[in-house]
Amino acid sequence: MVEVKNIRKAFDGAEVLKGVDLQVYQGDVVAILGPSGSGKTTLLRCLNFLETADSGELIFDGEQFHLGHVSKKDIARLRQKTSFVFQNYNLFLNKTALQNVTEGLITARKIPKEQAEKTGRRALAKVGLSDREDYYPHQLSGGQQQRVAIARAMATDPEIIYFDEPTSALDPELTGEVLAVMRQLADEGMTMLVVTHEMGFARTVSNRVIFMEDGVVVEEGGAKAFFEHPQQARTREFLQMSEKESAQGQQHF
Amino acid sequence: MINERLLNILTDSFWKILLPGLTVTIPLTVISFSLAMVIAIVMALVQFANIRGLKQLARFYIWVFRGTPLLIQLFVVFFGLPSVGIVIDPFPAAVLVFSLNEGAYSAETIRAALEAVPSGQLEAGYCVGMNYLQIIERIILPQAMRTAFPPLSNALIAMVKDTSLAANITVAEMFMATQRIVARTYEPLALYIEVGLIYLVFSTILTALQRAGEKKLNIQHQAAKSRRRRGGLWSR
């Protein structure tokens with residue numbers, strides 16, 4: 001459904017993405033793992049045009065685009081089919097939880113307000129925040145804010161949701177509630193591309209894992225195979241490191 | 001020092017000063033400030049959105065009106081322009097100058113407030129499918145106006161007092177009314193203090209309104225505060 005070929009991106013001469021390929025099929029939950037600075041977030045941001053890639057090809061629903069020069073019209077059209085969940089939530093600060101969910105429906109998709117609110121309430125109920133619909137972002141905990149952000153992302157009925165380290169800004173206790181919502185989404189068949197540090201999530205929820213480092217894909221494979229029989233030495237090293245870390249921290253799955 | 005005659009002068013003059021305050025000073029302020037806000041928002045937005053041509057025009061306008069004295073601007077418009085055939089009545093001339101002058105200052109206030117809105121707000125807007133104008137109108141500008149509210153209230157209070165300069169171009173506002181009474185009664189100290197106190201009352205009312213306004217807007221503004229409390233350098 002989403003296919004990327006040979007995407008490249010440099011910031012001020014420093015290459016962050018050095019030719020990455022990626023395929024996501026309908027219903028896939030793909031986890032992108034990798035150490036900081038490996039280019040995972042940049043990859044995700046390029047896919048939704050928050051950054052402009054230098055070159056590369058995007059095939060979305062069989063339609064082909066050159067990532068280096070996509071027209072504004074095409075960008076707007078593609079964004080209507082996708083959603084994005086940010087590391088720091090980025091809820092609209094001047095809007096309530098419900099308004100955060102309905103804003104895009106009303107302004108971008110021209111859905112009548114009442115219908116949008118119905119959809120918004122349903123989305124908030126799904127993430128367990130029906131009782132918080134009139135709260136402003138600052139009145140919510142980080143975990144609740146991220147759940148509102150996920151409600152906002154799924155309310156537009158996207159074909160794919162991009163998650164950019166959705167739990168990295170959260171305390172361990174709050175991480176669990178966000179991951180639970182994501183797991184539920186995955187169970188319902190939502191197509192998801194998730195940049196994450198949560199090994200537990202990658203292992204148990206995703207069906208495919210991509211391991212990136214220094215702007216290239218080091219290894220990719222089915223989640224089970226990836227964790228049980230990593231092929232590359234670098235992958236094994238990375239997995240051991242993170243296992244040690246999570247042994248010290250808290251396990252969610 | 002305060003004898004009966006002086007007391008009579010002060011009570012007599014009170015209404016004579018307050019009346020032009022209510023009918024000239026306040027309308028002059030309200031009209032000028034409203035126009036100034038329109039100018040300021042437009043000038044701030046063309047800079048924020050980086051619209052070529054218009055941005056340079058805005059910079060030039062701000063440069064001129066911030067860089068020259070308000071009194072000289074009043075004189076140029078009222079006494080200077082008639083020599084090239086442009087004659088403007090005192091009151092509209094004052095409105096023109098005050099709104100252009102304040103527009104230049106407030107444009108900078110609002111531009112700074114726009115730039116203070118986290119860039120993630122724009123990105124989130126794009127990601128839910130909104131276009132740039134929709135995001136500016138519904139997300140970024142409302143947040144910026146909240147940030148700009150205290151400094152803009154400040155500017156409004158300053159303008160109430162600056163309108164006294166309009167006396168110089170024959171606008172019959174509070175200060176001019178006072179000057180006339182002083183010329184008749186020779187009591188400058190008492191009368192100028194009296195008009196000063198009336199300005200003080202006006203400013204006090206505006207300050208109270210500002211406080212009430214901020215309280216109302218605070219529901220959303222808490223965001224910035226709580227973000228600072230929770231995150232940042234000191235939380236770890």
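Chain naming here is simple, since letters A, B, ... match the order of the sequence lines and numbering starts at 1 in each.
- Shown here is A/Glu188, whose CD atom has more than 12 heavy atoms of other residues, nucleotides or ligands within 6.0 Å.
- Taken to the nearest 0.5 Å, the OG1 atom of A/Thr107 stands 8.0 Å off from the CG atom of B/Asn131.
- Around CZ of B/Arg59, the count of heavy atoms belonging to other residues, nucleotides or ligands within 6.0 Å exceeds 12.
- A/Phe84 has its side chain out of reach of B/Val128: every pair of non-hydrogen atoms, C-beta onward, lies at least 4.5 Å apart.
- Between the CD1 atom in A/Ile161 and the SG atom in B/Cys127 there is a gap of 11.5 Å [rounded to 0.5 Å].
- Taking the side chain as every heavy atom from C-beta outward, A/Lys72 and B/Tyr132 never approach each other to under 4.5 Å.
- Interface remark: A/Leu78 contributes no atoms to any contact with chain B (heavy atom separation under 4.5 Å).
- With B/Met130 as reference, A/Glu103 is the one residue of A/Arg79, A/Glu103, A/Arg109 to meet the side-chain contact (heavy atoms from CB on, under 4.5 Å) rule.
- Using a 4.5 Å cut-off on side-chain heavy atoms (C-beta onward), A/Asn94 and B/Arg138 make no contact.
- Heavy-atom distances place the side chain of A/Phe86, and not its backbone, under 4.5 Å from chain B.
- Residue A/Ile75 holds its CD1 atom at 9.0 Å from OH of B/Tyr126, rounded to the nearest 0.5 Å.
- With B/Glu123 contributing its side chain and A/Leu50 its backbone, the two residues share no donor-acceptor pair below 3.5 Å.
- Residues B/Gln121 and A/Leu93 approach most closely at OE1-N, 3.3 Å, considering heavy atoms.
- Atom CD of B/Glu115 has more than 12 neighbouring heavy atoms from other residues, nucleotides or ligands inside a 6.0 Å radius.
- The part of A/Arg45 that comes within reach of chain B is its side chain, from C-beta onward, which places non-hydrogen atoms under 4.5 angstrom from that chain.
- Within the model, atoms CD1 of B/Ile140 and CZ of A/Phe92 stand 9.5 Å from one another, a figure rounded to the nearest 0.5 Å.
- Neither the backbone nor the side chain of A/Thr96 comes within contact range of chain B, judged by heavy atoms closer than 4.5 Å.
- Here CD1 of B/Ile139 is found 11.5 Å from CG of A/Asn90. Values are rounded to the nearest 0.5 Å.
- The side-chain heavy atoms of A/Asn88 and B/Pro118, taken from C-beta on, include no pair separated by under 4.5 Å.
- Taking both residues in full, the closest heavy atoms of A/Ala108 and B/Gly129 are given as CB-O, 3.1 Å, listed atom of the first, atom of the second, then distance.
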